[in-house]
Amino acid sequence: MKKDIILGCLLLLITSCASRKVNIVKTDTKITLDSTAIVKTDSTFTINNNIVLTNNSEELEISPVSDTVPMIVNGVSYKGAILKYKKQRSTYVDTSKKVVAKTIFKQDIKKKTTTTIKKDKVIDKKANYFVYLWLLLIPIGMYIYRQIKLWL
């Protein structure tokens, strides 16, 4: 009985599985990009108006007083008239200046988050060559069988 237990233990040791080494590498990468761009644009426009309007007007009013006395104006004969002569000169000057200032702020915010999870599993298994010892039992068994056959 003791012989069977020892033989069973030796058999398990000889034919056991190979040892293996497992290496698990887990990499968590989180990349966050924050970008802010501020653009300031200043612009100034100037509008100059130089407008000069000159109005010259002459007004001649002839109104009759009596029909008995003739009157000659510029080669034209008028009888019994009153002349009113009005000369008018007006000048309108517009030298206005407009300044328009414009300031534009433009802010551009960009956010980007990238999460990467990388998992690598590496198994390093060493070979067990004790399994081939079973093949050696065949010639040993044949040798023992022949020895027993010769003794009988």
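Below, each value reflects all heavy atoms present in this structure, side chains not excepted, and no hydrogens, waters or symmetry copies.
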Lys40: side-chain contact (heavy atoms from CB on, under 4.5 Å) partners, not counting sequence neighbours: Asp42, Thr103, Phe105
Ile104-Phe45 co-clustered via ILVMFWY side chain contacts under 4.5 Å: no
Derivation of the side chain to side chain donor-acceptor pair (under 3.5 Å) call for Ser96 and Asn49: CA-CA 5 Å; Ser96 63; Asn49 290 333; 3.0 Å; yes
Greater than 12 external heavy atoms within 6.0 Å of Tyr92's OH: no
Distance (rounded to the nearest 0.5 Å) between Ser35 OG and Lys111 NZ: 11.5 Å
Rounded distance [0.5 Å steps], NZ in Lys84 versus CD in Glu59: 9.5 Å
Same apolar cluster: Tyr145 and Leu150, side chain cutoff 4.5 Å: no
Atom pair CD1 (Ile148) and OH (Tyr143), whose distance is rounded to the nearest 0.5 Å: 11.5 Å
Test item: Ile138 and Ile140 side chains (from C-beta on) under 4.5 Å apart, heavy atoms: no
Heavy-atom check, side chain of Thr46 versus side chain of Lys97, under 4.5 Å: yes
Step-by-step side chain to side chain contact (heavy atoms under 4.5 Å, CB included) determination, Lys149 to Trp151: CA-CA 6 Å; Lys149 194 175 179 184; Trp151 276 18; over 6 Å; no
Inter-residue atom distance Asp34.CG - Lys112.NZ, 0.5 Å rounding: 12.5 Å
From CD (Gln88) to OG (Ser57), nearest 0.5 Å: 4.0 Å
Interatomic spacing from OG1 in Thr114 to CD1 in Ile31 - rounded to 0.5 Å: 6.0 Å
Validation row: Thr44, Val99 side chains within 4.5 angstrom (heavy atoms): yes
Closest contact, heavy atoms only, Thr91 versus Val93: CG2-CG2, 3.9 Å
Flag side-chain contact, heavy atom, 4.5 Å: Lys30 against Thr113: yes
